[in-house]
Amino acid sequence: MTIKERYEAAKESYKAVGVDTDQALLALKQIPISMHCWQGDDVTGFDGAGALSGGIQTTGNYPGRARNPKELMADMDKALSLIPGKHRINLHASYGIFEEGEWADRDELEPKHFAKWVEFAKERGIGIDFNPTLFSHPKAENATLSSEDPEIRAFWIRHVKACIRISEYFAQELNTPCTMNIWIPDGFKDIPADRTSPRARLKDSLDQILSMDYDKSKVYVAVESKVFGIGMESCTVGSHEFYMNYASKNDILCLLDSGHYHPTEVVSDKISSMLLFFDKVALHVTRPVRWDSDHVVLFDDETKEIAKEIVRGGADRVLLALDFFDASINRLSAWVVGMRNMQKALLNALLLPNEKLAALQESRNFTELMMLQEELKLYPVGDVWNYFCELNGVPAKEDWFSQITAYEKEVLANRK
């Protein structure tokens, strides 16, 4: 049977439980995922930062890491060509592109340092999201926006303000809003004597940043919490409770990263609550293995549950991005696997008879609900996915991998 024939058979199976697969495919095509640039070069960036800091690690030394903007853009192009649909790219401020002999510190970054990224995005008809880089810098060794040193704090306040201006530039040039996400590594290795003062300083820093004039319809400022990092195991200043309350009070977004909570917490359970109190929620999907290890996103249970909550809560209200960096495997393959798995999870959610399932729950018919949920797990979502790939001109099933191996042999092998 051809892919189309298998799809037609799957279509009838889903129709029997009240699901229109054609509508599901149309809906899936409308959900962009922001692909993070830092998977391609192990979070190295282009501003000479050198080794990672801030409790972040990239493990592995698989050959072929992108070493400059040209190589990173080529790798991203190749990955995007194997992912169905139209998506976005997500940049860190450390990925500014300087002319020969030019350099600017983080607090002096300007839109011109990202003009080549705008050119890249325009040529491909995609949007850009952005992140201030408050790590891997001499002034980030101890603390950033919560620092006891007024000069250090002022430096990072200027940096984030510069990033808001750059985000506004992206939005204006590309005619699509830019999500600008703030994450800081500030915290304490051992039990702190004073948790309040650092958080008060962080609050004041954020207040100063948000006092600047910017177009809130073009720049969606978000704040991202983390339960711990290497070297700050006992306390992170930017906790979930701090940022959730700060975001609510100041009309900005709270970003949920699926690796940034206690191992017994799941982001899928948080999304519905957040959407009751926020117009939108920002999301980083990753895969923690025992801790925030940022493994490649799989088509696993939690990713499926996250996708169900996105679809049920309204995909237009969730700003969806991925965040992982694995240097132990081919970096392009990591991008493609993670992006396609997130799309598969979204498709799986779109192919559920969600209204019928909710009605069974509402009537407390938990026996039939469990039965149907379990039977649906073996419905032919793969046949629908393969047809979606074919419709969007990308290889179905594992056929895309041959292009990665050819690219590795022809392009990556020359990088030392």
Side-chain angles (χ1 to χ4, degrees), residues 38 43-56 90-96 98 103-111 113-114 129-170 178-189 192 194-214 219-226 228-232 235-239 242-243 246-247 250 252-255 257 260 282:
W38 50 93
V43 207
T44 301
F46 305 138
D47 64 357
L52 280 171
S53 72
I56 302 170
N90 203 1
L91 303 178
H92 250 287
S94 54
Y95 288 81
F98 304 106
W103 183 80
D105 208 346
R106 301 261 177 94
D107 65 333
E108 297 177 335
L109 289 171
E110 299 179 41
H113 300 129
F114 296 86
D129 297 313
F130 201 48
N131 307 262
T133 307
L134 294 100
F135 56 85
S136 299
H137 189 281
K139 287 186 169 66
E141 289 183 359
N142 295 316
T144 61
L145 295 178
S146 73
S147 175
E148 306 88 343
D149 185 333
E151 292 186 6
I152 295 292
R153 283 184 62 211
F155 174 88
W156 291 113
I157 289 168
R158 292 195 300 273
H159 171 60
V160 180
K161 285 184 173 181
C163 289
I164 290 179
R165 289 189 287 270
I166 293 164
S167 298
E168 196 165 34
Y169 161 69
F170 289 149
C178 173
T179 300
M180 196 209 78
N181 177 55
I182 302 169
W183 173 79
I184 64 170
D186 302 23
F188 300 95
K189 182 176 180 64
D194 177 10
R195 290 177 168 89
T196 302
S197 296
R199 286 177 172 147
R201 290 192 292 269
L202 174 57
K203 178 181 179 300
D204 180 70
S205 294
L206 292 171
D207 288 345
Q208 290 186 52
I209 291 164
L210 293 177
S211 70
M212 69 179 289
D213 184 32
Y214 71 96
V219 180
Y220 300 150
V221 174
V223 284
E224 176 185 5
S225 67
K226 191 171 185 177
F228 90 104
I230 298 172
M232 54 209 71
C235 174
T236 53
V237 179
S239 66
F242 177 92
Y243 281 140
Y246 188 89
N250 292 277
I252 60 173
L253 298 180
C254 184
L255 185 142
D257 184 300
H260 284 192

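The shown structure was predicted, so the numbers you read here are calculated from the model rather than taken from an experiment. Side chains included, hydrogens not; waters and symmetry mates left out as well; all remaining heavy atoms used.
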If I take atom [atom1] from residue [X] and atom [atom2] from residue [Y], how far apart are they, to the nearest 0.5 angstrom?
| X | Y | atom1 | atom2 | answer |
| --- | --- | --- | --- | --- |
| W38 | S94 | CH2 | OG | 9.0 Å |
| L255 | N181 | CG | CG | 4.5 Å |
| I252 | L206 | CD1 | CG | 6.5 Å |
| C235 | K189 | SG | NZ | 14.0 Å |
| I184 | M232 | CD1 | CE | 9.5 Å |
| I182 | I164 | CD1 | CD1 | 6.0 Å |

Provide the full list of salt bridge (charged side-chain N to carboxylate O under 4.0 Å, His left out) pairs with a residue in residues 129-145, sequence neighbours left out, each pair given once.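 As it turns out, the salt bridge (charged side-chain N to carboxylate O under 4.0 Å, His left out) pairs with a partner in residues 129-145, which skip direct neighbours, are R88-D129.
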Is there a side-chain contact between [X] and [Y] in this structure, where contact means two heavy atoms from C-beta onward sitting under 4.5 Å apart?
| X | Y | result |
| --- | --- | --- |
| M180 | Y214 | no |
| L253 | V223 | no |
| L134 | L145 | yes |

Are any side-chain N or O atoms of [X] and backbone N or O atoms of [Y], one a donor and one an acceptor, separated by less than 3.5 Å?
| X | Y | answer |
| --- | --- | --- |
| D105 | E108 | no |
| S167 | C163 | yes |
| H113 | E110 | yes |
| D149 | E151 | yes |
| D186 | T144 | yes |

Should we say atom CG of N142 is surrounded by more than 12 heavy atoms from elsewhere, each under 6.0 Å from it? no
Can you name the side chain to side chain contact (heavy atoms under 4.5 Å, CB included) partners of S225, sequence neighbours left out? H240, Y243, Y261
Test of understanding: with side chain to side chain contact (heavy atoms under 4.5 Å, CB included), list the residues that count as partners of F228, not counting sequence neighbours.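 Side chain to side chain contact (heavy atoms under 4.5 Å, CB included) check on F228 returns E233, W291.
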Before you tell me yes or no, could you show the steps for R201 and S146 under side chain to side chain donor-acceptor pair (under 3.5 Å), namely the whole-Å CA-CA distance, both residues' side-chain angles and the distance that decides it to 0.1 Å? CA-CA 5 Å; R201 290 192 292 269; S146 73; 5.6 Å; no
When you check the side-chain N and O atoms of S147 and R153, is any donor under 3.5 Å from an acceptor? no
Residues that [X] engages under ring-ring contact (aromatic ring centres under 6.0 Å, His included), provided they are two or more places apart:
| X | answer |
| --- | --- |
| F130 | F114, F170 |
| H137 | F155, W156 |
| F46 | Y95 |

Worked verdict on F242 versus V237 for side-chain contact (heavy atoms from CB on, under 4.5 Å): CA-CA 8 Å; F242 177 92; V237 179; over 6 Å; no
Which residues pass the side-chain hydrogen bond (donor to acceptor under 3.5 Å, both in side chains) test with [X], sequence neighbours left out?
| X | value |
| --- | --- |
| Q208 | D204 |
| K161 | none |
| Y169 | none |
| E168 | none |

Should K203 and D207 count as an ion pair when the cut-off is N to O under 4.0 Å?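 Result for this pair is yes, salt bridge flagged.
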Are any of the side-chain nitrogens in D47 or R106 under 4.0 Å away from the carboxylate oxygens of its partner?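 Salt bridge between D47 and R106, a charged N being under 4.0 Å from a carboxylate O: yes.
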Partners of R199 by salt bridge (charged side-chain N to carboxylate O under 4.0 Å, His left out), sequence neighbours excluded?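 So R199 forms no salt bridge (charged side-chain N to carboxylate O under 4.0 Å, His left out) with any residue.
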Of all residues at least two apart in sequence or in a different chain, which pass the salt bridge (charged side-chain N to carboxylate O under 4.0 Å, His left out) check with D107? R158
Please evaluate residues L109 and I166 with respect to the criterion side-chain contact (heavy atoms from CB on, under 4.5 Å), reporting the C-alpha separation (whole Å), side-chain torsions for both, the decisive distance (0.1 Å), and the verdict. CA-CA 8 Å; L109 289 171; I166 293 164; 3.9 Å; yes
On a heavy-atom basis, which atom in A93 and which in H159 lie closest, and how many Å separate them?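 Closest heavy-atom pair between A93 and H159: CB-CE1, 3.5 Å.
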Step by step, work out the side-chain contact (heavy atoms from CB on, under 4.5 Å) result for D194 and F188. CA-CA 10 Å; D194 177 10; F188 300 95; over 6 Å; no
